Amino acid sequence: MTARRIAEFNALPRGDFAAALAPVWENADWVAEKVSVDRPFASASALHEAMLALVRALPEDELLAFLNRHPDLGGADVRAGRVTAESDAEQSSIRLNALTAEQVAEWDGLNAAYKARFGFPFILCVRRHDQASALAAIRDRMNGTRQGELEAALQEIAWITRYRLAARVTDHGISGL
């Protein structure tokens, strides 16, 4: 991954722009592709807000499809290395790729219960957590409402994508990191 200034991203051909920013979104290349037509962006924050607006504007069925492309934290796909490089690095940073058998059973049970209750996977920006606080978060959020969890998932995605975008844009100026 090559970090560039926002002006360099603005100057890229549309396909290169979309390809360079596709990894910011988990299995959703379309976000960077769609926002490419709105260039130039004055800042990485403006770019991030434009991408988030696209996702937030999705009808509920499309939003659920988008959310369901996210892997379970500590799930089978993570353990088998079948996730994006970004997700692998993030989950590995709190050792969700190296759980004990007991931890696997706990995470798998919580992930399944969360999906059964809300209809999409538990999403968390693990860069803001350690393994214990991530586990506490899923337990706590099991008590939420569906609408509250949809909003929580979008807020966590905002954090995830904020970090991923900041790693790609040298003059990101993205607040809160």
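Just so it is clear, the structure is predicted and the values come from calculations on it, not from any experiment.
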For the backbone of [Y] and the side chain of [X], can you confirm whether one donor and one acceptor N or O come within less than 3.5 Å of each other?
| X | Y | result |
| --- | --- | --- |
| S92 | R95 | no |
| D140 | A136 | no |
| E156 | A153 | no |
| D171 | I6 | yes |
| E106 | Q103 | no |
| R141 | I123 | yes |
| R4 | F9 | no |
| S133 | H129 | no |

Cluster link V78 to F120, ILVMFWY, side chain under 4.5 Å: no

Counting only pairs under 3.5 Å, give me each side-chain donor-acceptor contact of residues 53-67, with atom names and distances, residues two or more places apart or in other chains.
{"from": "R56", "atom 1": "NH1", "to": "E151", "atom 2": "OE1", "distance (Å)": "3.2"}
{"from": "R56", "atom 1": "NH1", "to": "E151", "atom 2": "OE2", "distance (Å)": "3.2"}
{"from": "R56", "atom 1": "NH2", "to": "E151", "atom 2": "OE2", "distance (Å)": "3.4"}
{"from": "E60", "atom 1": "OE2", "to": "R146", "atom 2": "NH1", "distance (Å)": "2.6"}

Presence of salt bridge, [Y] and [X], under 4.0 angstrom:
| X | Y | result |
| --- | --- | --- |
| D108 | R79 | yes |
| R117 | E149 | no |
| E26 | R164 | yes |

Within 45° cone and under 6.0 Å: R127 NZ/CZ vs W159 ring: no

Aromatic F17 / basic R39 pairing, under 6.0 angstrom, 45° off normal: yes

Ring geometry between W25 and H48 (parallel below 30°, tilted from 30 to 60°, perpendicular above 60°): parallel

R14-S36 side chain donor-acceptor pair, cut-off 3.5 Å: yes

Within a strict 4.5 Å, meaning less than it, do heavy atoms of the [X] and [Y] side chains meet?
| X | Y | answer |
| --- | --- | --- |
| L73 | I138 | no |
| C125 | Y163 | yes |
| L154 | L150 | no |

Straight-line distance of D72 CG to F122 CZ, nearest 0.5 Å: 10.5 Å

